[in-house]
**Student:** 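Please find one structure pasted underneath; my questions will follow.
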Number of protein chains: 2
Amino acid sequence: MLVMTLSEYSNDPSFDLVKTLKMVLIHDLVEIDAGDTFCYDDHDRSEKTERERIAAHRIFSILPSEQAHEFVNLWEEFEAMITPESQFAAAVDRLQPLLLNLYSEGYAWKKHGIKKSQVIERNHHIAAGSKTLWEFAQNLIDEAVRRGYLIDE
Amino acid sequence: MLVMTLSEYSNDPSFDLVKTLKMVLIHDLVEIDAGDTFCYDDHDRSEKTERERIAAHRIFSILPSEQAHEFVNLWEEFEAMITPESQFAAAVDRLQPLLLNLYSEGYAWKKHGIKKSQVIERNHHIAAGSKTLWEFAQNLIDEAVRRGYLIDE
């Protein structure tokens, strides 16, 4: 829903929306299967991609081979974050947890003692998909600091 | 996920997939808000469209007017089931509960004493979106009768 609602803010106005929608749906299905990881847990994150790759191949191999191939490729494209579609998909995928943290009074940030610098480090690639959304995200982060949801470091 | 996975079975091979994906996402959002209805409850169903229309207008009016207009129109298009996109969206929307009933050993059907004729009456419009999926659905329904999940009437 966020991808379709915010599509006009992609850096590349001619990006392929249907490919991006497929990509985010596929990406989340794999995360549901492989288990998502708290994005500031560096240890667990290093194994995340390999765990998800195994899941992606297992799940999509249920499909006819042509479709399995398409879906695995879309998953790999998302992970590589090189194309405009995957960069916009990744931007929206990062924006959503920022919004959830802001609307839950910084629940996950406060629980884990997260600092502003960590949030910037983990989310600055939003700019690769959408400069406008990264500007918006930076305002959210500053607002979160003002409200005491994030440590100002 | 079903729309993107089954898109090749649309009766109209040139249907607009991105429009259809938007339509099903919007449709489900409105159902979440307005409350879904058991599809064999005729009394409740008669009020369902009006309840959902009110919800659609309220939810989408949060958006900028151009986008609110687009989303309300997509919702109305889905409900009218005249275009290839809405007919395919509706086909997939009906196929999913059939699959859920089959894989849950007819849970909702048995609980409410549903008959085969009711399932055919409620689902035969799948054919308007996809003759192939309706053929597939009819096989599922016959299988459900054989397994005793549905009353053979």
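Throughout, a chain's letter reflects where its sequence line sits, starting with A, and its residues are numbered from 1.
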**Student:** Is the number of heavy atoms from other residues, nucleotides or ligands under 6.0 Å of B/E135 CD greater than 12?
**Tutor:**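 No.
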
**Student:** Around atom CD of A/E105, are there more than 12 heavy atoms of other residues, nucleotides or ligands at under 6.0 Å?
**Tutor:**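 Atom CD in A/E105 is not crowded, with 12 or fewer foreign heavy atoms closer than 6.0 Å.
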
**Student:** If you measure from NZ on B/K22 to OG1 on A/T5, what distance do you get to the nearest 0.5 Å?
**Tutor:**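 B/K22 atom NZ to A/T5 atom OG1 measures 8.5 Å (nearest 0.5 Å).
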
**Student:** Answer yes or no: does atom OH of B/Y9 have more than 12 heavy-atom neighbours from other residues, nucleotides or ligands under 6.0 Å?
**Tutor:**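 No, the 6.0 Å shell around OH holds no more than 12 heavy atoms from other groups.
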
**Student:** Who among B/V3, B/L63, B/L17 has the most heavy-atom pairs with chain A under 4.5 Å?
**Tutor:**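 Among B/V3, B/L63, B/L17, the one with the most close pairs to chain A is B/L17.
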
**Student:** Does any backbone or side-chain atom of B/E8 lie under 4.5 Å from a heavy atom of chain A? Answer side chain, backbone, both or neither.
**Tutor:**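 B/E8 touches chain A through side-chain heavy atoms alone.
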
**Student:** Please check if the number of heavy atoms outside A/K115 that lie under 6.0 Å from its NZ is greater than 12.
**Tutor:**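 At most 12 heavy atoms, drawn from other residues, nucleotides or ligands, come within 6.0 Å of this atom.
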
**Student:** Can you find a pair of side-chain heavy atoms, one from B/L21 and one from A/M4, that are under 4.5 Å apart?
**Tutor:**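 Result no, sub-4.5 Å side-chain heavy-atom pair not found.
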
**Student:** To the nearest 0.5 Å, what is the distance between CZ on A/F71 and CE on B/M1?
**Tutor:**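 Atom-to-atom, A/F71:CZ and B/M1:CE are 5.5 Å apart.
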
**Student:** Might you confirm whether atom NE2 of A/H69 has over 12 heavy atoms from other residues, nucleotides or ligands at distances under 6.0 Å?
**Tutor:**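 Counting neighbours around NE2 of A/H69, 12 or fewer heavy atoms of other residues, nucleotides or ligands fall under 6.0 Å, so no.
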
**Student:** Under 4.5 Å from any heavy atom of chain A, what part of B/L25 do you find: side chain, backbone, both or neither?
**Tutor:**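 Both parts, backbone and side chain.
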
